[in-house]
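See structure below.
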Amino acid sequence: MTPTPAFLDGNAAAGDLELLFGTDMTMASGQCHGCGKQMMLAEAHAYLGGPGTVLRCPGCEGVLLRMVRSPHDMWLDAAGLDYLRLPAPA
């Protein structure tokens, strides 16, 4: 029997990311500050079981970004990304 991974793909964080950025973020790309891997956010490993959402690099498992929602605020820490590139609207 194959163990179930503790994470989902980055698409699982799409709803909260869209609330924060106002656009579909699954096709946004970034680069991991830890290992330099370039990826689409949809490829990141999403951990949703805690008080917020954590996206980790699929290469080195370094934390790319953390999001926490309170009743009045959304908090974002994206210090694990060297950059975040969003497709420009047509």
Side-chain angles (χ1 to χ4, degrees):
M1 187 155 92
T2 305
T4 303
F7 60 85
L8 302 169
D9 69 28
N11 291 310
D16 281 343
L17 287 168
E18 187 168 348
L19 279 175
L20 193 62
F21 289 95
T23 189
D24 177 15
M25 294 295 291
T26 57
M27 296 307 292
S29 60
Q31 179 173 319
C32 176
H33 184 72
C35 70
K37 180 174 180 65
Q38 296 176 351
M39 80 220 71
M40 305 297 246
L41 286 187
E43 298 174 71
H45 295 171
Y47 294 83
L48 309 176
T53 298
V54 175
L55 293 184
R56 290 184 172 269
C57 175
C60 71
E61 283 296 316
V63 174
L64 299 172
L65 64 82
R66 298 178 292 173
M67 293 181 297
V68 176
R69 186 192 317 203
S70 74
H72 303 287
D73 300 297
M74 289 275 294
W75 298 77
L76 173 70
D77 171 13
L81 289 168
D82 283 337
Y83 66 82
L84 182 61
R85 188 183 83 206
L86 297 105

My understanding is that only residues two or more places apart in sequence, or in another chain, count here; which of them pass salt bridge (Lys or Arg N to Asp or Glu O under 4.0 Å) with Asp82?
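Result, salt bridge (Lys or Arg N to Asp or Glu O under 4.0 Å) vs Asp82: none returned.
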The criterion is salt bridge (Lys or Arg N to Asp or Glu O under 4.0 Å); which residues satisfy it with Asp16, sequence neighbours excluded?
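Counting only residues at least two positions away or on another chain, Asp16 forms a salt bridge (Lys or Arg N to Asp or Glu O under 4.0 Å) with Arg69.
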For a quick test of reading the model, state the closest non-hydrogen atom pair linking [X] to [Y] and the distance between them.
X     : Y     : answer
Ala12 : Leu48 : CB-CD1, 3.7 Å
Thr53 : Ala13 : CG2-CB, 3.9 Å
Leu55 : Ala46 : CD2-CB, 3.5 Å
Val68 : Pro51 : CG1-O, 3.9 Å

Could you state the interatomic distance from CG (Leu64) to CD (Gln31), rounded to the nearest 0.5 Å?
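Output value for this atom pair is 10.5 Å.
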Pro58 and Lys37, any side-chain heavy atoms less than 4.5 Å apart:
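In short, these two side chains touch, coming nearer than 4.5 Å.
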Hydrophobic cluster membership, [X] vs [Y], 4.5 Å side-chain cutoff:
X     : Y     : value
Leu65 : Phe21 : yes
Leu76 : Met74 : yes
Leu81 : Leu17 : yes

Arg66 atom CZ, neighbour heavy-atom count above 12 within 6.0 Å:
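Counting neighbours around CZ of Arg66, 12 or fewer heavy atoms of other residues, nucleotides or ligands fall under 6.0 Å, so no.
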More than 12 heavy atoms of other residues, nucleotides or ligands under 6.0 Å from CE of Met27: yes or no?
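Count not over threshold, so no.
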With [X] via side-chain contact (heavy atoms from CB on, under 4.5 Å) - residues at least two apart:
X     : value
Asp24 : Thr26
Cys60 : Cys32, Cys35, Cys57
Ala28 : Met25, Leu41, Leu84, Leu86

Who passes ring-ring contact (aromatic ring centres under 6.0 Å, His included) against Phe7, sequence neighbours left out?
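With sequence neighbours excluded, Phe7 shows a ring-ring contact (aromatic ring centres under 6.0 Å, His included) to His45, Tyr47, given in chain and number order.
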